[in-house]
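Please read the structure below before turning to the comments.
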Amino acid sequence: MRSIEEIIARQKIEETLARYCNYLDSMTLGDLGQLFTEECVVSFGPNPDLEANGREALITSLARLWRWHRTAHHLCNVVIHFDTTKNATVQSRVHAWHETSDGAEAEIFGTYKDSMVEIDDKWLINTRRMEMNGSRGIFSLPVPAAFRKPPPKNWVKPINLKETT
Amino acid sequence: MRSIEEIIARQKIEETLARYCNYLDSMTLGDLGQLFTEECVVSFGPNPDLEANGREALITSLARLWRWHRTAHHLCNVVIHFDTTKNATVQSRVHAWHETSDGAEAEIFGTYKDSMVEIDDKWLINTRRMEMNGSRGIFSLPVPAAFRKPPPKNWVKPINLKETT
Amino acid sequence: MRSIEEIIARQKIEETLARYCNYLDSMTLGDLGQLFTEECVVSFGPNPDLEANGREALITSLARLWRWHRTAHHLCNVVIHFDTTKNATVQSRVHAWHETSDGAEAEIFGTYKDSMVEIDDKWLINTRRMEMNGSRGIFSLPVPAAFRKPPPKNWVKPINLKETT
């Protein structure tokens, strides 16, 4: 049976992921940095402006979000795998909405792939890699596409459905 | 007081619901099928193309999502009622975004009404029925409307509000 | 270590927040009222039509949502701080979608700032204040803007990025 310690760890991991979104939207980047290990490695894509090595570099890099007038990051679909009692591989999904001061909008439906570690009773993000499931509007950053399995060779579009879930 | 077993069950149920969305977006339908019982009954609407009896039929049916170029399913608002320690009635909400290869979009704000069952320490979906709270774009499937209570006869629009939460 | 009681309280708090959204979308306002204390104070903005003192006033006020044909409220990013074992300060985020009978849409990306209290094994909302992180469409209510820290004086837009996360 799952231990009490694991139950609590799951709650704490979800809270760290939620706080990241909240601090990003309020641009309180000092608080945001405390959610990551000092030596964290974070990549939003293969572009030097989108990668950060270490907490201080991450805070400096995420200052780029001041280019937007307002943002909203909403997190869900958390799936956690414990590698040890103090190390976890965590996947979550984010709906990130951005608006310029001119009212232009950009949205990304993305995946965060994290490794997290428990330090002093807190679950911190040690590595984060972002992938993109979908996007809308003026968003044009080179965030890598999330994996989507292609249809088998013999797959045929259903003729009775125009659109579908 | 709620038992440890129930606390764990709640965490596992939420994870099953999250995994469904993730596997649907990656179209790894074999993994998705493992989240359902072998004899599951799933209905997205009163249309033979939207109904499935059994895990294999479900996998075959959901292959229809390859009609879309990209999708993003984000799950939230989970409410769980335990009928027994191994059976639960679960309601959740999904924001499902779909994009064709031409860039046309369709979104649904939907409700999943599930019965779930614990088998071998896993919480599986035994029956699923989808309802639609809202939609946007080219989505035109006959997903049944979610219940919304009509206003009482004596209800009057507030005159001081143009739009409101 | 976090107590079992606190673990359970966190699950119950999240469920109360989820139920609020679900009842609002189904306009079952009697059920919604049961999620609040009798003497609750709720404010969606500095407008008498957007404020309510007490459960009955809240139910009366939220009847304004019948101005919309359909709505979808999706909740996430829950962060909980316990002031006592029976009192908590809770922040969450909501994606609220609204559609008129003409098909016009309005969306808000908002923050709920709640104080919650445990009464008879249930976690109820005692005070709620809404803030707005973003909006889209015809939404024009005076919901107060959520705090967003301004950039430091020496901040310069990154020249290599057109748009960014």
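Just so we're on the same page: letters track the sequence lines, and every chain starts at 1. Quantities reported herein were computed from a predicted structural model and do not represent experimental measurements.
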Inset, instruction - Please look at A:Val156 and chain B and tell me whether the side chain, the backbone, both or neither of the residue comes under 4.5 angstrom of a heavy atom of that chain. - result: neither

Legend entry - Within-4.5 Å side-chain heavy-atom neighbours: A:Arg10 and B:Glu15: yes

Inset, instruction - Would you mind telling me which of B:Met27, B:Arg19, B:Arg70 has the largest number of heavy-atom pairs within less than 4.5 Å of chain A? - result: B:Arg70

Inset, instruction - Heavy-atom pairs under 4.5 Å with chain B are the metric here; pick the option from A:Gln11, A:Arg2, A:Gln91, A:Met1 that has the most. - result: A:Arg2

Inset, instruction - Please report the closest heavy-atom contact between B:Leu75 and A:Cys76, naming both atoms and the distance. - result: O-CB, 3.3 Å

Inset, instruction - Check whether any side-chain heavy atom of A:Ser135 sits under 4.5 Å from a side-chain heavy atom of B:Trp97, and report yes or no. - result: no

Inset, instruction - Flag yes if more than 12 heavy atoms outside A:Glu5 fall under 6.0 Å of its CD atom; otherwise flag no. - result: yes

Inset, instruction - May I ask you to test the B:Arg67-A:Pro158 pair for a side-chain heavy-atom distance under 4.5 Å? - result: yes

Inset, instruction - Would you indicate whether the side-chain heavy atoms of B:His95 and A:Phe109 approach each other to under 4.5 Å? - result: yes

Inset, instruction - Examine whether an atom of B:Thr71 lies under 4.5 Å from a heavy atom of chain A, and if so say whether it belongs to the side chain, the backbone or both; otherwise answer neither. - result: both

Inset, instruction - Flag the pair A:Arg136 and B:Glu107 as a salt bridge only when some basic side-chain nitrogen lies within less than 4.0 angstrom of an acidic carboxylate oxygen. - result: yes

Inset, instruction - Give a yes or no on whether the backbone of B:Trp66 and the side-chain of A:Trp155 come within a donor-acceptor separation of less than 3.5 Å. - result: no

Legend entry - Side-chain heavy atoms of B:Asp25 within contact of A:Arg148, under 4.5 Å: no

Inset, instruction - For side-chain hydrogen bond (donor to acceptor under 3.5 Å, both in side chains), just list the numbers for B:Asn22 and A:Arg93, CA-CA rounded to whole Å, side-chain angles, deciding distance to a tenth of an Å, and then say yes or no. - result: CA-CA 9 Å; B:Asn22 296 344; A:Arg93 301 289 292 274; 3.2 Å; yes

Legend entry - Which atoms of B:Ala96 approach chain A - backbone, side chain, both or neither, heavy atom under 4.5 Å: neither

Inset, instruction - Could you check if a side-chain atom of A:Asn77 sits within less than 4.5 angstrom of a side-chain atom of B:Leu17, using non-hydrogen atoms only? - result: no

Legend entry - Separation between CD1 of B:Ile7 and CD1 of A:Ile8, rounded to the nearest 0.5 Å: 9.5 Å

